[in-house]
There are 2 protein chains.
Amino acid sequence: MKTALSAIERFTRYQTDDAQSVEPVYCPVRDVLDRIGDKWSMLMIMTLATRPQRFSELRRAVRDISKRMLTQTLRDLERDGLITRHVFPTKPPSVEYRLAPLGQSLLEPMASLIDWADHRFADIHAARASFDGAQADVPR
Amino acid sequence: MKTALSAIERFTRYQTDDAQSVEPVYCPVRDVLDRIGDKWSMLMIMTLATRPQRFSELRRAVRDISKRMLTQTLRDLERDGLITRHVFPTKPPSVEYRLAPLGQSLLEPMASLIDWADHRFADIHAARASFDGAQADVPR
DNA sequence: AGGGTAGGTCTAATATAGAGACTTAGGCCC
DNA sequence: GGGCCTAAGTCTCTATATTAGACCTACCCT
């Protein structure tokens, strides 16, 4: 918990202060969170964690992503150096994606998030159910 | 790294298998990631990490969120038991949001993500710059 | 009496995502 | 040797999500 708070306090320092007054306050956490905190990026990283995979394998693994978003997500991850893209000159060409070292380094922190998700999702669902049940007559 | 992979392998098991064939495969990781992996949730949790805060404090802390999304994000987090909402009968009423224990428990895993962001964002920007530079004439 | 505040809700405008047709060139079947 | 398939995209059109900003209620201050 000590570690947690120190990291988070470091973050809040970006948020507060006079930094506020000046315009698009630059916050690395926001930056990175906006990047990997989108709908598909983490999922891609996790899917690529076990082994390199080709475009259509990825599509099969994450069945509800559209081609368009898959392309875009992979491109963005490549751009940020988290994955690499390898084209093989077969016909039709096959394209393999794999985690770059930077992407590998993300696995550890992401794993702890997954652990959390795994352990707590029951609690979340319980809370959700009770909230929805209680909503009957509570005005806002 | 050992821990990382075990968590992630546990995850991939949901993705693969025959689970595939049956419809909306239920995967707790997807579930939770879709929840906290949206644009604002993590940011809210982090902002509330240091202390409970009121609606307008949160809005000031995260300057670029709209009222509408702030309301909605807070409501969803409350629904999932990550934060609690307390109305004080002042006039006009003030409403304070604070982390629930479940939300607290998310701080630790999130902190390791923040650490990663903090340490690596320079690498990410370097990769991004070099990718953008190289894009001049590479056809896809 | 006029203006300000807190915590919202509502509507219209805009940005983002999804579905699915189209592309290119070779391999496979009959 | 014509028809159909595949891989990895792209393109267009539509649907959904997000934003900006007006509006609301009740009180306090000057």
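All values reported here derive from a predicted model rather than from experimental measurement.
As rounded to whole Å, 13 Å separates atom P of C/dT9 from atom CE of B/Met69. Following rounding to the nearest Å, A/Phe88 (CZ) and C/dG26 (C1') show an atom-to-atom distance of 19 Å. For B/Leu74 and C/dT9, the CG to P distance is 11 Å, given to the nearest whole Å. Atom CZ in B/Arg68 sits about 14 Å away from atom C1' in D/dA22, given to the nearest Å. Rounded to whole Å, atom P of C/dG8 lies 10 Å from atom CG of B/Leu58. As a whole-Å value, the separation of A/Ile65 CD1 from C/dG20 P is 16 Å. Protein atom CG of B/Leu70 is 13 Å distant from nucleotide atom C1' of C/dT9, rounded to whole Å. Between A/Arg59 atom CZ and D/dG9 atom C1' there is a gap of 11 Å when expressed in whole angstrom units.
At the phosphate of C/dT16, neither OP1 nor OP2 sits under 4.0 Å from any side-chain N or O atom of B/Lys39. One finds no side-chain N or O of B/Trp40 lying less than 4.0 angstrom from the OP1 or OP2 phosphate oxygen of D/dA17.
A salt bridge between B/Asp64 and A/Arg30 is present, with a side-chain N of the basic residue lying under 4.0 Å from a carboxylate O of the acidic one. Salt-bridge annotation for B/Glu96 and B/Arg98: present, with a side-chain N of the basic residue lying under 4.0 Å from a carboxylate O of the acidic one. Salt bridge status for B/Asp115 with A/Arg10: present, with a side-chain N to carboxylate O gap under 4.0 Å.
By the side chain to side chain donor-acceptor pair (under 3.5 Å) test, A/Ser112 is found to be paired with B/Ser112, residues two or more places apart in sequence or in another chain being considered. In this structure, the side chain to side chain donor-acceptor pair (under 3.5 Å) partners of A/Thr84, at least two apart in sequence or on a different chain, are A/His86.
Between B/Ile83 and the choices B/Leu102, B/Leu77, B/Asp76, the side-chain contact (heavy atoms from CB on, under 4.5 Å) rule is met once, by B/Leu77.
Interatomic distance, CD of B/Gln104 versus CG of B/Leu48, reported as 10.0 Å (0.5 Å rounding).
Relative to the side chain of B/Thr71, the nucleotides D/dT19, C/dT9, C/dA19 differ in distance, and C/dT9 lies closest.
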Using nucleotides 2-8 of chain D, report all nitrogen or oxygen pairs with the protein that are shorter than 3.5 Å.
| from | atom 1 | to | atom 2 | distance (Å) |
| --- | --- | --- | --- | --- |
| D/dA7 | O3' | A/Arg54 | NH2 | 3.1 |
| D/dA8 | OP1 | A/Arg54 | NE | 3.1 |
| D/dA8 | OP1 | A/Arg54 | NH2 | 3.4 |
| D/dA8 | OP1 | A/Val95 | N | 2.8 |
| D/dA8 | OP1 | A/Val95 | O | 3.4 |
| D/dA8 | OP2 | A/Ser56 | N | 3.1 |
| D/dA8 | OP2 | A/Ser56 | OG | 2.6 |

